[in-house]
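A quick write-up on the structure given underneath.
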Amino acid sequence: QVQLVDSGGGLVQAGGSLRLSCAASGDIFSINRMGWFRQPPGKQREFVATITHDGGTNYADSVKSRFTISRDNAKNMVYLQMNDLKPEDTAVYYCRAGKDTFWYNYWGQGTQVTVSS
């Protein structure tokens, strides 16, 4: 089992920034990929960004050049730096863990990000 705890969400104005954090614990050796998903109000959960153990990254087109995913393997932490936030970024953000190209069903509890105009 892997436990994930998300934090860092909040209410910001358009153009502002937030940094989300995710702490992993438990059987951390079973995972080598971490990522972020989000669920806007009334919509399905969608992919945001992912990072491999050695630092390779991928992003959804909607957040490229604005968001940066990073990790600190020594602390078992993954981060999402969110810059130039837009109202359409409003969602509950969830951390997720996987191995190689496979996503496990391990999720953080979700942290709310609200961006006002």
Side-chain angles (χ1 to χ4, degrees):
Q1 292 290 110
V2 174
Q3 294 79 48
L4 305 173
V5 179
D6 306 314
S7 63
L11 174 63
V12 298
Q13 294 183 352
S17 298
L18 285 172
R19 190 178 77 158
L20 307 183
S21 299
C22 174
S25 61
D27 187 17
I28 60 174
F29 295 110
S30 68
I31 63 175
N32 61 13
R33 175 180 293 274
M34 300 290 291
W36 291 94
F37 290 69
R38 68 185 183 186
Q39 187 166 12
K43 295 185 177 181
Q44 296 186 2
R45 200 167 296 184
E46 64 185 25
F47 169 78
V48 176
T50 187
I51 186 167
T52 62
H53 189 77
D54 61 359
T57 60
N58 289 103
Y59 299 90
D61 288 341
S62 59
V63 306
K64 285 181 178 178
S65 79
R66 298 189 298 119
F67 291 9
T68 302
I69 188 171
S70 62
R71 67 190 302 166
D72 185 339
N73 290 336
K75 296 181 178 180
N76 303 128
M77 298 284 292
V78 63
Y79 307 95
L80 186 68
Q81 179 65 47
M82 309 164 67
N83 297 326
D84 191 26
L85 283 162
K86 304 178 184 298
E88 54 262 40
D89 295 319
T90 295
V92 178
Y93 284 71
Y94 299 88
C95 184
R96 194 178 191 184
K99 183 176 178 61
D100 300 325
T101 61
F102 178 80
W103 288 111
Y104 293 121
N105 194 30
Y106 300 139
W107 298 87
Q109 80 283 2
T111 184
Q112 176 71 50
V113 172
T114 303
V115 184
S116 62
S117 300

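In this text, all values refer to a predicted model and were calculated from it rather than measured experimentally.
Under the side chain to side chain contact (heavy atoms under 4.5 Å, CB included) criterion, S62 pairs with R38, A60, not counting sequence neighbours. Every residue two or more places apart in sequence or in another chain that forms a side chain to side chain contact (heavy atoms under 4.5 Å, CB included) with V115 is listed here: V12, A14, L85, P87, D89, T90, V113. For D100, there are no salt bridge (charged side-chain N to carboxylate O under 4.0 Å, His left out) partners, not counting sequence neighbours. In this view, N73 and R71 satisfy the side chain to side chain donor-acceptor pair (under 3.5 Å) rule, not counting sequence neighbours. Every residue meeting the side chain to side chain donor-acceptor pair (under 3.5 Å) condition with Q112, not counting sequence neighbours, appears here in chain and number order: T114. Here N83 pairs with S17, Q81 under the side chain to side chain donor-acceptor pair (under 3.5 Å) rule; sequence neighbours left out. Under the side chain to side chain donor-acceptor pair (under 3.5 Å) criterion, K86 pairs with no residue at all, not counting sequence neighbours.
In this structure, R96 contributes its side chain and W36 its backbone to no donor-acceptor pair below 3.5 Å. The main-chain N or O of G9 is found under 3.5 Å from a side-chain atom of T111 such that the two form a donor-acceptor pair.
Residue Y94 is grouped with residue F47 when hydrophobic side chains (ILVMFWY) are merged at heavy-atom distances under 4.5 angstrom, including chains of intermediate members. Under the 4.5 Å side-chain heavy-atom criterion for grouping Ile, Leu, Val, Met, Phe, Trp and Tyr, V78 is not connected to V92 through any hydrophobic cluster.
The minimum heavy-atom distance between A24 and M34, with the atom names listed, is CB-CE, 4.5 Å. Of all heavy-atom pairs spanning Q109 and V5, the tightest one is OE1-CA, 3.5 Å.
Within the structure, salt bridge (Lys or Arg N to Asp or Glu O under 4.0 Å) contacts touching residues 55-65 (residues at least two apart or in different chains) are D61-K64. Judged as a disulfide bond (SG atoms under 2.5 Å apart), the pairs with a partner in residues 18-55 (not counting sequence neighbours) are, in order, C22-C95. Annotation: ring pair (Phe, Tyr, Trp, His ring centres under 6.0 Å) contacts involving residues 95-117, sequence neighbours excluded, comprise F37-W103, F37-W107, F102-Y104, Y104-Y106. The list of ring pair (Phe, Tyr, Trp, His ring centres under 6.0 Å) pairs with a residue in residues 56-85, not counting sequence neighbours, is empty. Within the structure, side chain to side chain donor-acceptor pair (under 3.5 Å) pairs that include any residue of residues 48-57 comprise R33-T50, T52-D54 (at least two apart or interchain).
Side chains of S21 and D6 form no contact here, defined as non-hydrogen atoms less than 4.5 Å apart.
The distance from the CG atom of L18 to the CG atom of L11 is 9.0 Å, given to the nearest 0.5 Å. Summarising the geometry, atom CE belonging to M77 is positioned 6.0 Å from atom OG belonging to S7; distances are rounded to the nearest 0.5 Å. Expressed to the nearest 0.5 Å, how far CD of Q3 lies from CG of N76 amounts to 11.5 Å.
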- Query: Passes side-chain contact (heavy atoms from CB on, under 4.5 Å), V48 versus L80? Steps please.
  - Reply: CA-CA 10 Å; V48 176; L80 186 68; 4.2 Å; yes
- Item | side-chain contact (heavy atoms from CB on, under 4.5 Å) between S30 and V2, intermediate numbers included | CA-CA 8 Å; S30 68; V2 174; 3.8 Å; yes
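Other residues, nucleotides and ligands contribute only 12 or fewer heavy atoms inside 6.0 Å of the CD atom of Q44.
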